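Structure record follows, encoded as structure tokens.
All figures in this text were calculated on a predicted structure; none of them were measured in a lab. Values below: every heavy atom of this structure, side chains too, minus hydrogens, waters and symmetry copies. Positions are given from 1, in the same order as the sequence printed here.
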Amino acid sequence: WQNIPKWARKRIQINGEDLDEPDFSAYHPRILYARKGLAPPNSDPYTLPGYKDAGTRTFLKRALLIVLNTSAKTIDKARKIAIKRIEYDVSIEDIIKPDEITNISEIIDKFAVKHQPISEYFFTGYGITLMNIDSKVAEAILLHFAKQGVPVLPVHDSFIIDYRLSEEMRGVMVDAALKEIKQLIPTDSNMEELKEFLENRIKDDILEKAELGRVSGRKASERLKGFV
């Protein structure tokens with residue numbers, strides 16, 4: 001389930017129940033600010049001013065995370081490796097580089113300005129430490145629900161659970177992160193997307209049944225003709 005697209009995960013059910021997927025908002029950047037004892041900027045950590053194309057945030061998020069996970073003997077070498085990795089990810093994954101972004105190096109510089117308080121972590125490979133931290137948080141969350149016999153499917157910084165337990169999950173996530181990171185990390189829910197998905201599924205089911213009804217009606221008529 002971790003390697004399938006987000007839209008496909010909406011179709012997963014546990015014990016016949018539909019699921020929600022609460023996640024931490026801009027998790028790794030917020031952890032870094034917490035380690036510095038600072039609050040993150042008010043704006044979305046994964047966005048930059050001046051870029052508004054649809055899909056830009058997805059690209060910028062991937063770029064920033066690569067910068068945090070890349071390391072080499074020198075900063076210049078790490079920077080070159082990061083740029084190549086960003087370009088490679090765009091070529092093999094479902095990530096589109098918006099037309100408005102023409103210079104990846106410029107994007108990295110803008111992130112360094114926006115996140116100046118944590119820019120010391122750029123090109124240090126600190127992402128491994130961040131993964132260790134969020135794994136401890138995830139363990140606490142999973143153990144909480146395991147003790148209740150509630151199945152949870154973790155996906156990086158999100159947790160798939162019975163939609164009826166979504167609010168409880170978000171509360172447990174906040175508490176576990178606060179205990180480990182010492183700062184409030186906000187969470188998001190996909191409940192609105194789930195509602196839309198379910199509404200569309202119901203509509204599709206109604207249309208499918210209506211079509212089956214028409215087909216059955218035609219078949220019945222054809223059979224009756226054979227007896228007339």
Side-chain angles (χ1 to χ4, degrees), residues 1-35 39-41 43-47 55 57-69 89 93-95 118 121 126-202:
W1 69 87
Q2 292 187 346
N3 294 320
I4 64 176
K6 188 174 182 179
W7 62 264
R9 292 202 294 270
K10 291 187 180 73
R11 289 164 168 75
I12 298 175
Q13 291 185 324
I14 295 179
N15 296 328
E17 295 294 342
D18 292 301
L19 311 173
D20 188 22
E21 187 179 341
D23 69 329
F24 286 109
S25 177
Y27 201 17
H28 282 185
R30 291 182 187 279
I31 293 176
L32 290 177
Y33 276 96
R35 291 182 80 79
S43 60
D44 184 338
Y46 289 132
T47 62
R57 184 186 185 277
T58 300
F59 176 84
L60 293 176
K61 175 181 178 179
R62 178 57 63 91
L64 181 57
L65 292 178
I66 287 175
V67 166
L68 293 174
N69 281 278
D89 279 12
E93 296 191 27
D94 189 23
I95 296 176
I118 60 170
Y121 295 106
Y126 202 78
I128 294 176
T129 301
L130 295 174
M131 286 182 231
N132 177 259
I133 294 170
D134 68 44
S135 70
K136 293 177 182 177
V137 175
E139 180 183 32
I141 294 167
L142 295 174
L143 285 175
H144 171 89
F145 287 99
K147 290 175 182 176
Q148 301 178 43
V150 176
V152 176
L153 305 179
V155 187
H156 307 303
D157 62 352
S158 64
F159 301 86
I160 301 174
I161 193 170
D162 185 324
Y163 77 96
R164 296 171 299 180
L165 298 173
S166 180
E167 286 305 309
E168 180 182 349
M169 168 60 81
R170 294 181 70 180
V172 172
M173 289 168 66
V174 169
D175 290 343
L178 187 60
K179 183 177 180 180
E180 182 66 33
I181 302 167
K182 314 303 180 190
Q183 191 175 102
L184 182 67
I185 307 292
T187 62
D188 294 318
S189 171
N190 293 318
M191 285 299 289
E192 290 303 318
E193 293 180 22
L194 176 62
K195 290 177 182 177
E196 182 180 355
F197 168 73
L198 293 178
E199 288 173 359
N200 290 334
R201 189 171 69 185
I202 291 170

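- Residues passing the ring pair (Phe, Tyr, Trp, His ring centres under 6.0 Å) test with Tyr33, sequence neighbours excluded: His115.
- The two residues Ile118 and Pro29 come nearest to each other via the heavy atoms CD1-O, 4.2 Å.
- Proximity of Val174 to Ile185: side-chain heavy atoms (C-beta onward) are nowhere separated by under 4.5 Å.
- Among pairs with a residue in residues 170-184, those fulfilling side chain to side chain donor-acceptor pair (under 3.5 Å) read Arg170-Thr187, at least two apart in sequence or across chains.
- Qualifying salt bridge (Lys or Arg N to Asp or Glu O under 4.0 Å) partners for Asp162, counting only residues two or more places apart in sequence or in other chains: Arg164.
- With contacts defined as side-chain heavy-atom distances shorter than 4.5 Å, the pair Ile4/Ile12 qualifies.
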Side chains of residues 130-141: which donor-acceptor pairs under 3.5 Å do they make with residues two or more places apart or in other chains?
from: Asp134; atom 1: OD2; to: His28; atom 2: NE2; distance (Å): 2.6
from: Ser135; atom 1: OG; to: Met131; atom 2: O; distance (Å): 3.4
from: Ser135; atom 1: OG; to: Asn132; atom 2: O; distance (Å): 2.6

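- Annotation for Ile128: atom CD1 does not count as buried by contact number, only 12 or fewer foreign heavy atoms lying within 6.0 Å.
- By the side chain to side chain contact (heavy atoms under 4.5 Å, CB included) test, Pro186 is found to be paired with Ser25, Arg30, residues two or more places apart in sequence or in another chain being considered.
- Residues satisfying the side chain to side chain contact (heavy atoms under 4.5 Å, CB included) criterion with Ile14, sequence neighbours excluded, are Leu19, Pro151, Leu153.
- The salt bridge (Lys or Arg N to Asp or Glu O under 4.0 Å) test applied to Glu168 returns no partner, not counting sequence neighbours.
- The distance from atom OG1 of Thr129 to atom CG of Leu32, rounded to the nearest 0.5 Å, is 9.5 Å.
- Put simply, the side chain of Asp23 does not reach to within 4.5 Å of the side chain of Phe159, judged on heavy atoms.
- Listed by chain and number, the residues in a side chain to side chain donor-acceptor pair (under 3.5 Å) with Asp44 are Arg57 (sequence neighbours excluded).
- Residues Gln2 and Pro154 approach most closely at NE2-O, 2.9 Å, considering heavy atoms.
- Under the rule for a ring pair (Phe, Tyr, Trp, His ring centres under 6.0 Å), the partners of Tyr27 that lie at least two apart in sequence or sit in another chain are Phe24.
- Listed by first then second residue, pairs satisfying side chain to side chain donor-acceptor pair (under 3.5 Å) with a partner in residues 150-161 read Glu21-Ser158, not counting sequence neighbours.
- Residues satisfying the side chain to side chain donor-acceptor pair (under 3.5 Å) criterion with Tyr126, sequence neighbours excluded, are Arg35.
- The structure places CG of Leu184 at 6.5 Å from CG of Leu178, a figure rounded to the nearest 0.5 Å.
- Heavy-atom minimum distance, Ser189 versus Asp20: OG-OD2, 2.7 Å.
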side-chain contact (heavy atoms from CB on, under 4.5 Å) for Ile160 and Val152? Distances and angles first, verdict last.
CA-CA 6 Å; Ile160 301 174; Val152 176; 5.9 Å; no
